[in-house]
2 protein chains.
Amino acid sequence: MKIERADDTGTIDRRVARTRALLQDAIIALIPERGYAAITVDDICRKANVGRSTFYTHYTDKDALRSATLEAHLRSLSRERLSKDERTGSRLFEFSLPMFEHAQAFRSLHHALLASSGDTIHDQMRERIQRSVRAELGGKRIGETGVSAEFAVQFISGAFLAVLGWWLSTDTKLSPAQVDELFQKMAGQGIGARQAPIDEG
Amino acid sequence: MKIERADDTGTIDRRVARTRALLQDAIIALIPERGYAAITVDDICRKANVGRSTFYTHYTDKDALRSATLEAHLRSLSRERLSKDERTGSRLFEFSLPMFEHAQAFRSLHHALLASSGDTIHDQMRERIQRSVRAELGGKRIGETGVSAEFAVQFISGAFLAVLGWWLSTDTKLSPAQVDELFQKMAGQGIGARQAPIDEG
DNA sequence: GCCAATTCCGGACATCATGTCCAGTATGAT
DNA sequence: ATCATACTGGACATGATGTCCGGAATTGGC
């Protein structure tokens with residue numbers, strides 16, 4: 001009933017470290033089994049062999065546990081990167097490769113945290129967008145085949161949804177036509193990497 | 001207790017059309033108020049002036065209502081597009097502009113459906129990625145200022161997250177380095193649209 | 001305008017998850 | 001060893017879910 005520090009590394013008492021680790025492992029193991037939404041606090045506690053009342057002395061919520069778990073792992077990822085002190089500047093985006101590597105190493109974790117349960121608003125929206133993109137991209141014929149074509153689909157639809165959400169949530173003065181122009185430019189150029197540039201017209 | 005058709009337009013009885021419209025309007029109005037997760041079926045029914053038991057004769061779930069609502073609006077969007085029969089081929093992605101326009105017209109609706117409540121796994125992840133992208137993009141100096149720089153941030157991080165999720169959920173043979181290369185290519189070219197192309201190195 | 005069919009109502013009900021609390025026990029820190 | 005602190009397990013109130021029913025209201029067809 002004290003338990004002040006939020007992080008796990010600096011925690012003094014072994015019991016709290018143990019309990020939190022058990023809970024975090026439990027929720028990670030549970031997410032792929034039945035999906036995050038369907039998990040109850042009781043499920044987590046039974047899986048972790050931790051009393052339910054104990055849970056609430058550490059986390060206020062199921063969400064709080066998830067959040068803490070994700071944070072802990074992302075922090076450990078940053079720590080790794082810093083220790084490897086790779087020479088910067090060789091590529092445009094430094095963050096992506098370590099992320100992909102970490103994702104593979106902790107595949108089940110990332111899969112659990114990112115995998116769309118399919119029952120969120122975003123998932124439903126994404127389905128629709130992906131269909132559109134796939135149709136248009138298939139029609140225009142991209143150079144590569146199979147997997148990399150689908151890569152482009154994912155890339156473009158993800159970008160579009162992010163942009164759309166951002167455009168709506170901020171009070172931008174951009175008109176629909178203006179945002180679309182920006183989007184067309186970036187998306188078109190991105191595709192251009194795997195195809196002859198689109199002729200102006 | 002009959003109620004067979006899923007769509008609203010073809011529904012015979014005025015009462016069911018009325019009820020469903022009321023419920024759909026209610027949930028749309030409610031989402032921006034307190035966020036989707038916090039809404040209860042009872043909230044929706046009181047807002048819509050519909051008996052709670054009636055709700056369950058139309059939708060099994062809160063999720064089912066949301067899903068149906070979103071579908072209905074996306075369908076209406078497709079209908080619009082078809083009626084406008086715009087000449088195709090002028091731009092690479094046809095779907096985006098109508099989407100942006102529709103989003104502006106039904107701003108509150110789209111905002112409600114897309115706006116991240118900030119409390120999902122994805123939101124938390126996105127925060128982190130955006131920070132990385134913003135840092136790297138800021139460092140590398142993109143030509144434009146302010147709003148369009150943030151546009152690029154949203155575009156890139158959205159694309160990355162989508163790709164990461166896809167890569168994890170499908171049994172791809174791609175190695176981390178390979179996915180990253182694809183990502184770097186598309187992202188780099190996308191950025192290139194607003195900057196001199198990156199010299200090969 | 002009438003009638004049969006269908007929908008809506010609203011209240012009752014069982015079930016389940018949540019979050020709080022407490023007294024008793026076990027464990028770690030020193 | 002002993003004290004502080006964390007864990008336990010059970011009880012409790014609360015609130016949401018989904019189902020079911022009889023009666024009232026509205027609709028579409030005639």
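For B:Ala64, the side chain to side chain contact (heavy atoms under 4.5 Å, CB included) criterion is met by B:Tyr59, B:Thr60, B:Asp61, not counting sequence neighbours. Residues satisfying the side chain to side chain donor-acceptor pair (under 3.5 Å) criterion with B:Asp63, sequence neighbours excluded, are B:Tyr36. Here A:Ala103 pairs with A:His110, B:Leu164, B:Trp167, B:Leu168 under the side chain to side chain contact (heavy atoms under 4.5 Å, CB included) rule; sequence neighbours left out. Under the side chain to side chain donor-acceptor pair (under 3.5 Å) criterion, A:Glu181 pairs with no residue, sequence neighbours left out. Partners of A:Thr40 according to the side chain to side chain donor-acceptor pair (under 3.5 Å) rule, which considers only residues two or more places apart in sequence or in another chain, are A:Asp43. Checked against side chain to side chain donor-acceptor pair (under 3.5 Å), A:Asp42 has the following partners two or more places apart in sequence or in another chain: A:Arg46. Considering only residues two or more places apart in sequence or on other chains, B:Tyr56 meets the ring-ring contact (aromatic ring centres under 6.0 Å, His included) condition with none of them. Residues satisfying the side chain to side chain contact (heavy atoms under 4.5 Å, CB included) criterion with B:Ile28, sequence neighbours excluded, are B:Thr69, B:His73, B:Leu109. Qualifying side chain to side chain contact (heavy atoms under 4.5 Å, CB included) partners for B:Thr54, counting only residues two or more places apart in sequence or in other chains: B:Thr19, B:Val50, B:Thr57, B:His58.
By the neighbour-count criterion of 12 heavy atoms within 6.0 Å, atom CD of A:Glu127 is sparsely surrounded, having that number or fewer from other residues, nucleotides or ligands.
In this entry the distance linking CZ of A:Arg46 with P of D:dG9 reads 13 Å, nearest Å. Atom CD1 of A:Ile44 and atom P of C:dT18 are 8 Å apart (whole Å). In this structure, the CZ atom of A:Phe55 is 17 Å from the C1' atom of D:dG9, given to the nearest Å. Atom CG of A:Leu23 is separated from atom P of D:dA6 by 15 Å (rounded to the nearest Å). As rounded to whole Å, 16 Å separates atom P of C:dT20 from atom OH of A:Tyr59.
Between B:Phe160 and A:Phe100, the ring centre distance stays below 6.0 Å.
Proximity of B:His58 to the phosphate of C:dC8: a side-chain N or O atom is located under 4.0 Å from OP1 or OP2. Side-chain nitrogen and oxygen atoms of B:Ser53 include none within less than 4.0 Å of the OP1 or OP2 phosphate oxygen of D:dG18. For C:dT7, neither phosphate oxygen OP1 nor OP2 lies less than 4.0 angstrom from any side-chain nitrogen or oxygen of B:Thr57.
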Close N or O pairs between protein and nucleotides 25-27 of chain D (under 3.5 Å):
unit_1, atom_1, unit_2, atom_2, d
D:dT26, O2, B:Arg15, NH1, 2.7

List every contact pair, protein side and nucleotides 13-17 of chain D side both N or O, where the distance is under 3.5 Å.
unit_1, atom_1, unit_2, atom_2, d
D:dT17, OP2, B:Val41, N, 3.3

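The terminal axes of the helix from C:dG1-D:dC30 to C:dT30-D:dA1, fitted over 5 pairs per end, subtend an angle of 50° to the nearest 10°.
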